[in-house]
**Q** 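Pasting a structure below so you can have a look.
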Amino acid sequence: QKEVEQNSGPLSVPEGAIASLNCTYSDRGSQSFFWYRQYSGKSPELIMSIYSNGDKEDGRFTAQLNKASQYVSLLIRDSQPSDSATYLCAVKGTAGNKLTFGGGTRVLVKP
Amino acid sequence: NAGVTQTPKFRILKIGQSMTLQCAQDMNHNYMYWYRQDPGMGLKLIYYSVGAGITDKGEVPNGYNVSRSTTEDFPLRLELAAPSQTSVYFCASFSGQGHEQYFGPGTRLTVT
């Protein structure tokens with residue numbers, strides 16, 4: 001069973017601080033990694049994708065990937081109350097165009 | 001483009017009843033997926049399709065069936081509904097290129 005693990009949280013962060021979210025995965029052959037944001041009662045929306053070891057920055061978001069450690073993370077800089085949501089880590093494994101999702105980390109940004 | 005649409009938005013079923021959740025996309029995507037999301041949990045893949053006429057099981061297919069007669073539509077059938085099928089169901093589509101799966105708004109199903 002291919003697994004993706006996340007801390008369920010909630011991760012409470014003061015406004016303006018950095019939120020750091022972590023995700024580990026078991027399928028060593030995985031090549032594509034995604035972070036989705038899901039507001040309560042809504043569908044997931046893609047915010048970051050990463051394929052190579054290292055960092056990838058997009059606005060206030062930075063994704064970090066370490067394939068040797070089977071670890072992917074998301075940093076949210078200058079956190080805003082609008083960042084309060086559940087963040088889902090998803091991994092595309094070696095068997096076709098299918099995603100395996102982690103359980104999600106709930107983030108609360110307090111003004 | 002409407003993107004991915006799902007009907008109904010909400011439904012309450014009695015144990016043993018059957019129903020079909022509808023999903024349609026107007027982006028001409030080959031890949032379509034059905035997920036379920038239990039409260040406080042991630043998404044679990046139920047079934048997926050790589051094109052019209054081709055479907056395959058995901059992680060949690062028991063109690064469900066699908067068909068894909070056209071590129072646009074991917075209905076999910078629940079036979080003999082059980083309380084364990086109470087969940088939010090999301091349909092998604094993917095072109096096969098790039099990296100984004102587009103999700104529908106979801107169907108909230110309660111089985112009592």
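Numbered from 1 within each chain, the chains take letters A, B, ... in sequence-line order. All of these numbers come straight from a predicted model, not from anything done at the bench.
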**Q** Report which part of A/L46 has an atom under 4.5 Å of a heavy atom belonging to chain B: side chain, backbone, both, or neither.
**A** both

**Q** Determine whether the aromatic ring centres of residues B/F74 and B/Y48 are separated by less than 6.0 angstrom.
**A** no

**Q** Please classify the contact of B/Q37 with chain A as side chain, backbone, both or neither, using a heavy-atom distance under 4.5 Å.
**A** side chain

**Q** Tell me, for B/Y102 versus chain A, whether the close heavy atoms (under 4.5 Å) come from the side chain, the backbone, both or neither.
**A** neither

**Q** If you count heavy-atom pairs under 4.5 Å between each of A/S49, A/C89, A/A90, A/G104 and chain B, which one has the most?
**A** A/S49

**Q** Regarding A/E5 and A/T24, is there a side-chain donor-to-acceptor distance under 3.5 Å anywhere?
**A** no

**Q** Locate the shortest heavy-atom distance separating B/D56 from B/Y47; write the atom from each residue and the value.
**A** O-CD2, 3.1 Å

**Q** So which part of B/F103 gets closer than 4.5 Å to some heavy atom of chain A, the side chain, the backbone, both or neither?
**A** both

**Q** Under 4.5 Å heavy-atom distance to chain A, tell me which part of B/L43 shows up: side chain, backbone, both or neither.
**A** both

**Q** Where does A/Q38 contact chain B at under 4.5 Å (heavy atoms): side chain, backbone, both or neither?
**A** side chain

**Q** Are A/R60 and A/D83 within salt-bridge range, i.e. N to O under 4.0 Å?
**A** yes

**Q** So does A/R106 have more than 12 non-hydrogen atoms from other groups sitting under 6.0 Å from CZ?
**A** no

**Q** Please report whether the ring centroid of A/Y25 lies less than 6.0 Å from that of A/F33.
**A** yes

